[in-house]
Structure formats: structure tokens, C-alpha cells
Visitor: 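Quick one: the structure is below, and I'll ask about it shortly.
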There are 2 protein chains.
Amino acid sequence: MEDSVAIQILDAANRLFAERGYDGTSLQVIAEAVGIRKPSLLYHYTSKAVLRDAVLARLMDHWAEVLPQILSAATTGENRFEALVAEVIAFFDADPSRARLLYREILDRPNELSLRLGGFLAPWIALLADYIRRGQGTGLIRAGVDPEVYISNVIQMVIGGVATAHVFYAMGDDSAVERQVLEVTRIARTALFVNDYLEGNHG
Amino acid sequence: MEDSVAIQILDAANRLFAERGYDGTSLQVIAEAVGIRKPSLLYHYTSKAVLRDAVLARLMDHWAEVLPQILSAATTGENRFEALVAEVIAFFDADPSRARLLYREILDRPNELSLRLGGFLAPWIALLADYIRRGQGTGLIRAGVDPEVYISNVIQMVIGGVATAHVFYAMGDDSAVERQVLEVTRIARTALFVNDYLEGNHG
DNA sequence: CCTACCGATCGGTAGG
DNA sequence: CCTACCGATCGGTAGG
């Protein structure tokens, strides 16, 4: 590893920004988490704003790399829709700070995020929307579906569900995550397809 | 109006906390927005934390008053489900800062919000969950629905949709709000009821 | 409701 | 990667 300290800083900033927010996190506490002094941190990232952008850029790069894998993997087999939803939830659930960081950026800098996110997310949304419209043509998918709005709402359930997990199912229930995955998948599938082709699974 | 300045402070704090977050908003800028000096603000609210709690308390009181009205009004007539979803969206859409403030609190202080919110929201969620379970008994509602998890996901779509409106449909489309209302209602209804009893409406 | 002021902490720089 | 330090701003207080 050629520059491990810079990555440690990035990791700490990622976690702390997600937990306490950008304004609620001082460079001092990030430096402490890494075990260095504040000026040393500022050698690697010349300002707090630069550090924020680096954290966000790495998150976006990660998604840009993983998303195509998830989507193409989910295109194989019959249960591709279940697989897609489950994998996206798993991705965020593996590290909830991803979802929280995203939500904080949406609230703090909607314009900046819209630009960055729209850049690489738009093609995938267009792809999925096309798939929906084709399904509407063949009668597989409900005519009433508003493709883009439908997609944004499923994303909303997935990411929002992870980001707010503490509040909505703070029951300490170990099966909470599994129930959330099952229900989001069920809602998304039932609202999309004409035939509840797998309803027997959830009777 | 007996103490208009205290309310002006509350309004300004509400708006600024929602826009910039608690840590991103200084008492100075709140005081400026009201047209007074910082020490005068601290006469009405003895600390920043007290002001935050007052803002949150007023929001909760507002919901505690309006929510029963929406729910009981929506219990009248056949299309009560559509009415319920539409009214809740309308409530948040009338002032999106309500949704953003809620989301910031979820991220900043999940435990505190969970306690406050759970206190008065739990009975309503239990009521709706009971309604769902009864509907499952009579065959009106899909057997696969996980009542509490379903409800939290619909809330997620409604509030998240309002809070993140800028990012997801920043197309400047005037019909965006209407499309969002229609699609969330459609998703929620289709995923809940066995019969798509109004599908003819959506072409 | 104000002026004046407090110690603490902020992001960031100088200089090595 | 550090010590030492900067001006600006923070939440909050004294005192009227």
C-alpha cells in the first residue's frame, strides 16, 4: 500500500461525516481517529472541503464500479428482480454509512450531488425505465407504472430504509433486516408486475 | 399575539436548521434573520440546544394535532386510502422543511427522535397495522404484507420523496409533485390490496 | 432588548 | 509528520 495514511484519513472522515455530518465533524477529531495531528492531515488534503470531495468521489467511484456488476448479475435467471433489490439493499446494509452519507449530501448540497449522481446514475435509470416500458408493451408490467418515478421511490425505500433503520425498527429484532429486504422486494415487485408470479413464496 | 418575537425565532430556526442543519446554523444568523442581536435570542431560548428542542417540539405538536384529522377524515368514504396518502404528502409538501428537519434529526440524533416520535406515532402505526391484519383476515389485503414494515416503507417514500425532491426530479417539471403523489399512491395501494380496485384510473 | 466581552474551538498557515 | 501559532467565529455571560 503506497499511501496508507491518506486512506486511513479517508476512512475516518467517511465514517465521521456519516455519523455527525460535515459541519459537526472537526478536522481535529478526524486527525485523532487516525492518530496524527491536524496539520499532518492538511498535508494530505489541503482543506476540509477537499477532504469532503475526496470522500464523496470515492463513494461514487465505488458505486460506479459495483452497480454494473449488480445489474448485470441480476439480469441472469428468472428471479433477477428479487436479486437486484436484494443486492442493492445488501450493498448499503453492508455499510450503512454509505446511505447516511448520501442522505446528508442530499440535504446539505442537493445541487452538487445532483450533478455528480446524475452523471453516472442517469444511464442506469434510463435502462431500467426502458425495461419497464418494454414490459408495459408486452403486458408483463402494469400499465399504471410511471417508470422514472417508480424507480426513484424504490431507491427511496432501499436507501431510506437503511439510513433510518435505527428509528423505524429499533426493536433489536435480528430478523429486522431480513423482513425489510423481503417487504421492500415484495412492494416493488407487486407494484410493478401484472402477475404476482411468486406470491406463493410469501403466503 | 402575546410573544411574537419568540415565534419569529422559532420560525427562523426551523427554516435554517432544515436548510443548513443544526451544526451548520449559528445563533448569529438566526438572530439576524429575526432582526435582533444574539444575546436577545438567548433571552428567549437559554441555549442553542433548548432552541433545537423547542423547534422539534412544535413540529411534533403540529403533527400530533393534524395527524388524527387526516386519519379520521381519510376513514370516510371509499377512497380513504388514496385520500390518506395524498393528504400526508400534501402536509409535507406544503412545507418541505418539515421533511428535511425530520430527516436531519433522524441522522443527527436517532435515539432522541425515536423516543419522541415513537411516543405519539406508535398508536397510529398500531392502528393501521391492525387494519391491515383485519384486511388480511377477510382476504381484502394481500397475505404477504408485513404490516409494520410495509407502513414504515410507505412513510419512507412519502417523506423521503419530499425531502429529496430536488435531486430525484429536478427536471423543473411542474407535474413532478402530482406524478409523485400518483405513483406513491399507486405503489402503496397495489402492494397492499388483493384487488386493484381502481386500476382503470391509471390507464 | 442592547453593548461589551469571555474562553474555547474552528479551519488553516509558517516553518522546520 | 511535527510544534507553534493565526484570525475568525462559536455558544454563552455580565451587566444594564
Side-chain angles (χ1 to χ4, degrees), chain A residues 1-59 97 100-101 104-105 107-109 111-113, chain B residues 1-59 97 100-101 104-105 107-109 111-113:
Chain A
M1 31 205 103
E2 48 167 313
D3 199 357
S4 149
V5 173
I7 294 171
Q8 286 180 56
I9 294 170
L10 219 50
D11 286 337
N14 192 308
R15 180 172 46 81
L16 289 163
F17 286 161
E19 279 174 19
R20 316 180 184 185
Y22 179 77
D23 289 314
T25 306
S26 65
L27 294 178
Q28 175 68 27
V29 307
I30 299 172
E32 272 174 18
V34 177
I36 59 175
R37 306 288 181 177
K38 195 173 55 172
S40 308
L41 189 157
L42 286 162
Y43 164 75
H44 294 282
Y45 302 93
T46 54
S47 76
K48 195 184 181 184
V50 166
L51 177 56
R52 157 191 250 169
D53 285 343
V55 167
L56 191 59
R58 187 177 63 155
L59 185 65
S97 73
R100 293 195 198 123
L101 201 67
R104 289 198 183 273
E105 281 291 325
L107 293 167
D108 287 347
R109 304 190 300 170
N111 295 338
E112 281 84 346
L113 188 71
Chain B
M1 32 204 100
E2 48 166 315
D3 199 358
S4 150
V5 174
I7 294 171
Q8 287 179 56
I9 295 171
L10 220 51
D11 287 337
N14 192 307
R15 180 171 46 81
L16 289 162
F17 285 161
E19 279 175 19
R20 316 180 184 185
Y22 179 77
D23 289 314
T25 307
S26 66
L27 294 177
Q28 176 68 26
V29 307
I30 299 172
E32 271 174 20
V34 178
I36 60 176
R37 305 288 181 177
K38 195 173 54 172
S40 308
L41 188 157
L42 285 163
Y43 164 77
H44 293 282
Y45 302 93
T46 53
S47 76
K48 195 184 182 184
V50 166
L51 177 57
R52 156 191 252 169
D53 285 343
V55 167
L56 191 58
R58 187 177 65 154
L59 185 64
S97 73
R100 291 193 200 125
L101 201 67
R104 289 198 183 272
E105 282 290 326
L107 292 168
D108 287 347
R109 304 190 301 169
N111 294 337
E112 281 84 345
L113 188 72

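These numbers were taken from a predicted model, which means no experiment stands behind them. Letters A, B, ... mirror the listed sequences (proteins, then strands); counts begin at 1.
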Visitor: Looking at every heavy atom in both A:Leu10 and A:Ala54, which two are closest together, and how far apart are they?
Guide: CD1-CB, 3.7 Å
Visitor: Counting side-chain heavy atoms from CB outward, which of C:dC1, D:dT3, D:dC1 is closest to A:Ser40?
Guide: D:dC1
Visitor: Run the side-chain contact (heavy atoms from CB on, under 4.5 Å) test against A:Glu32 and tell me which residues pass, sequence neighbours left out.
Guide: A:Gln28
Visitor: How long is the line joining CZ of B:Arg37 and C1' of C:dC5, in whole Å?
Guide: 15 Å
Visitor: What's the shortest heavy-atom distance between B:Ala12 and B:Val34, and which atoms?
Guide: CB-CG2, 3.9 Å
Visitor: Can you list everything that forms a side-chain contact (heavy atoms from CB on, under 4.5 Å) with B:Leu41? Sequence neighbours excluded, please.
Guide: B:Ile9, B:Leu27, B:Ile30, B:Ala31, B:Ile36, B:Leu51
Visitor: Between protein and nucleotides 8-12 of chain D, what N or O pairs are separated by less than 3.5 Å?
Guide:
from: D:dC10; atom 1: OP1; to: B:Ser26; atom 2: OG; distance (Å): 3.2
from: D:dG11; atom 1: OP1; to: B:Lys48; atom 2: NZ; distance (Å): 2.8
from: D:dG11; atom 1: OP2; to: B:Leu27; atom 2: N; distance (Å): 3.0
from: D:dG11; atom 1: N7; to: B:Lys38; atom 2: NZ; distance (Å): 2.7
from: D:dG12; atom 1: OP2; to: B:Lys48; atom 2: N; distance (Å): 2.6
from: D:dG12; atom 1: O6; to: B:Lys38; atom 2: NZ; distance (Å): 3.4

Visitor: With a 4.5 Å cut-off on side-chain heavy atoms, are A:Glu112 and A:Arg52 touching?
Guide: no
Visitor: Atom OH of B:Tyr43 to atom P of C:dC1: distance rounded to whole Å?
Guide: 9 Å
Visitor: On a heavy-atom basis, which atom in A:Val55 and which in A:Ala13 lie closest, and how many Å separate them?
Guide: CG2-CB, 3.8 Å
Visitor: Counting only non-hydrogen atoms, which of residues 50-57 of chain A are less than 4.0 Å from DNA chain D?
Guide: none
Visitor: How long is the gap from CD on B:Glu105 to CZ on B:Phe17, to the nearest 0.5 Å?
Guide: 9.0 Å
Visitor: Would you please name every residue forming a side-chain contact (heavy atoms from CB on, under 4.5 Å) with A:Asp23, sequence neighbours left out?
Guide: B:Asp23
Visitor: With sequence neighbours excluded, tell me which residues meet salt bridge (Lys or Arg N to Asp or Glu O under 4.0 Å) with B:Arg104.
Guide: A:Asp108
Visitor: Mind listing the closest non-hydrogen atom pair of A:Leu101 and A:Ala18 along with its distance?
Guide: CD1-N, 3.6 Å
Visitor: How would you list, by chain and number, every residue that makes a side-chain contact (heavy atoms from CB on, under 4.5 Å) with B:Ala6, sequence neighbours excluded?
Guide: B:Asp3, B:His44, B:Tyr45
Visitor: Going by heavy atoms closer than 4.0 Å, what residues in residues 13-20 of chain B are next to DNA chain D?
Guide: none
Visitor: Tell me every residue that passes side-chain hydrogen bond (donor to acceptor under 3.5 Å, both in side chains) with A:Thr25, counting only those two or more places apart in sequence or in another chain.
Guide: none
Visitor: My validator wants the stems of DNA chain C: runs of 3 or more consecutive Watson-Crick or G-U pairs, both distances under 3.5 Å, written as range with range.
Guide: C:1-16 with D:1-16
Visitor: Only pairs at least two apart or in different chains count here, so list each side-chain hydrogen bond (donor to acceptor under 3.5 Å, both in side chains) that has a residue in residues 8-22 of chain B.
Guide: B:Ser4-B:Gln8, B:Asp11-B:Arg58
